[in-house]
Amino acid sequence: MHPTPDEDPRLTFTVAADANGILPDRMIAAMAEAGLILPAYDFVESQIQPASLDLRLGDVAYRVRASFLPGPGATVAERIDQLKLHEFSLADGAVLETNCVYIVPLLESLALPPEIVAAANPKSSTGRLDVFTRVIADGTRRFDMIGAGYHGPLYAEISPKTFPVLVSEGSRLSQVRFRTGDAILDADELDALHASERLVDVDDADLTGGVAVSVDLSGEKGTGFVGYRAKRHTGVVDVDRRSGYAVEDFWEPISARPDGSLILDPGEFYILASKEAVQVPPDYAAEMVPFDPLVGEFRVHYAGFFDPGFGYAGAGGQGARAVLEVRSREVPFILEHGQIVGRLVYEKMLSRPDAMYGQRIGSNYQAQGLKLSKHFRV
Ligand SMILES: O=c1ccn([C@H]2C[C@H](O)[C@@H](COP(=O)(O)OP(=O)(O)OP(=O)(O)O)O2)c(=O)[nH]1
């Protein structure tokens, strides 16, 4: 005999078989209610965002020899057993050193129904600190992707690249979106949305494969200031401390050259801003992807999720720039003013979130210009 909804709360959560979209805040709450998201203990305030759920670190961290993917049939726990060099508690906080790889079991695990997949990404605050973070699930061949119907734990792989960071049980470095069906707007839908909502404030927007986003190297009048380069050998950043650090202790302001170019040094980390103001209307979510995976000289952002309402005038965000986390790879690379660095891929929400970005949810980056992470005092 099949269980009734009273016996199995999972049966109370359903999405239509032909539905396409990203699940909004209240459906994430409903998933947790129905036992499809299993937090070790209750969610904290603002953990559920308009189109994503923040994931929390558990109470133990493992330093491992190298990053890994478990692959089919293997669990992350088995791989940790083989690869761990050291195990330590995060109950009272601990420092993660640069260029070491750590694995931390997360407080949230999943029991996804067959029609829902999950995709993880670092939070913008994590990306802006150059903390390389990915989510790993059991049996997976891909980082940050959690397949339909996945039942099991989640782990964060963390490797701070520039600053050593202090993390604790409950720290939120990653976020996850839940999706059903195919939510990405096709070319015609994207054209129509841009025509009605003006997704970027340029007249000749390039909408091939997403909305092109370019870098602003025009320079502030008088100073030529365009952004920041991270300093090396700095103090530790506590990821849970807001406005706790002086900018000059961690960042060096940089200016473009008079011709509007900037030479990226290999291995250095930069925070720059987009030339375009960008926006995400309330019924959509976006993700910044590399503009061309074949251009490997530099990389923008690893934190790519843009929330519904980001930059949206109705949520107080008009004029918001995309903040770009930029790193050059093997060779010095010249960035030019207006060079395309990424594309915003827009997806449909399954329904409009109850709260948009910037509304009552402690958003840090609404209507931002060139903005360092929330840890630094302005
Ligand atoms: O590469 C990126 C990624 C995101 N954003 C913007 C859009 C996004 O909607 C906002 C907040 O991102 P996220 O929710 O990941 O940041 P957070 O660290 O959780 O901050 P908050 O507490 O403000 O949500 O930052 C960027 O400017 N650049």
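Source: prediction; values computed, not measured. By convention here, the first residue in the shown sequence is residue 1. Atoms within each ligand, like the ligands themselves, are counted from 1 in listed order.
- Asn20 pairs by the side chain to side chain contact (heavy atoms under 4.5 Å, CB included) definition with Asp182, not counting sequence neighbours.
- For the pair Asp240 and Lys374, the salt-bridge criterion is not met [side-chain N within less than 4.0 Å of a carboxylate O].
- The pair Lys231-Glu252 does not meet the salt-bridge criterion, since no charged nitrogen lies less than 4.0 angstrom from a carboxylate oxygen.
- By the 3.5 Å distance cut-off applied to N or O atoms, Ala322 is not counted among the residues near ligand 1.
- Ion pairing between a basic and an acidic side chain is recognised when a charged N comes within 4.0 Å of a carboxylate O; Asp206 and Arg343 show such pairing.
- A side-chain contact (heavy atoms from CB on, under 4.5 Å) with Asp283 holds for exactly one of Arg352, Lys348, Glu197; it is Arg352.
- Against a heavy-atom cut-off of under 4.0 Å, Val323 is close to the following atoms of ligand 1: 1 (O), 2 (C), 26 (C), 27 (O), 28 (N).
- The atoms of ligand 1 that sit less than 4.0 Å from any heavy atom of Gln49 are 24 (O).
- Considering backbone and side-chain atoms alike, Tyr357 places an N or O below 3.5 Å from some N or O of ligand 1.
- Heavy-atom distances between Ser363 and ligand 1 reach below 4.0 Å in at least one pair.
- For Arg172, the heavy-atom gap to ligand 1 stays at 4.0 angstrom or more.
- When non-hydrogen atoms are compared, ligand 1 lies under 4.0 Å from the side chain of Phe310 (C-beta onward) but not from its backbone.
- Distances between N or O atoms of Lys374 and those of ligand 1 include no value under 3.5 Å.
- The closest non-hydrogen atom to atom 25 (O) of ligand 1, taken over Lys371, Arg242, Met356, Arg128, comes from Arg128.
- Each of Arg134, Arg79, Arg63 was evaluated against Glu157; a single residue qualifies, Arg134, per the salt bridge (Lys or Arg N to Asp or Glu O under 4.0 Å) test.
- Between Asn364 and ligand 1, an N or O atom pair is found at a separation short of 3.5 Å.
- Judged purely by distance below 3.5 Å, without hydrogens or angles, the side chains of Ser328 and Glu268 never pair a donor atom with an acceptor atom.
- Distances from atom 14 (O) of ligand 1 to the heavy atoms of Leu173, Val213, Asp307, Leu344 put Asp307 nearest.
- Each of the following atoms of ligand 1 lies closer than 4.0 Å to a heavy atom of Ser125: 17 (P), 18 (O), 20 (O).
- Of the possible polar contacts, none joining the Asp307 side chain to the Pro50 backbone as a donor-acceptor pair under 3.5 Å is found.
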Name each donor-acceptor pair under 3.5 Å that joins a side chain in residues 96-107 to protein atoms two or more places apart or in another chain, with its distance.
| unit_1 | atom_1 | unit_2 | atom_2 | d |
| --- | --- | --- | --- | --- |
| Asn99 | OD1 | Lys161 | NZ | 3.2 |
| Tyr102 | OH | Glu97 | N | 2.9 |

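- Taking only non-hydrogen atoms, the option from Gln366, Lys123, Met288, Glu325 nearest to atom 19 (O) of ligand 1 is Lys123.
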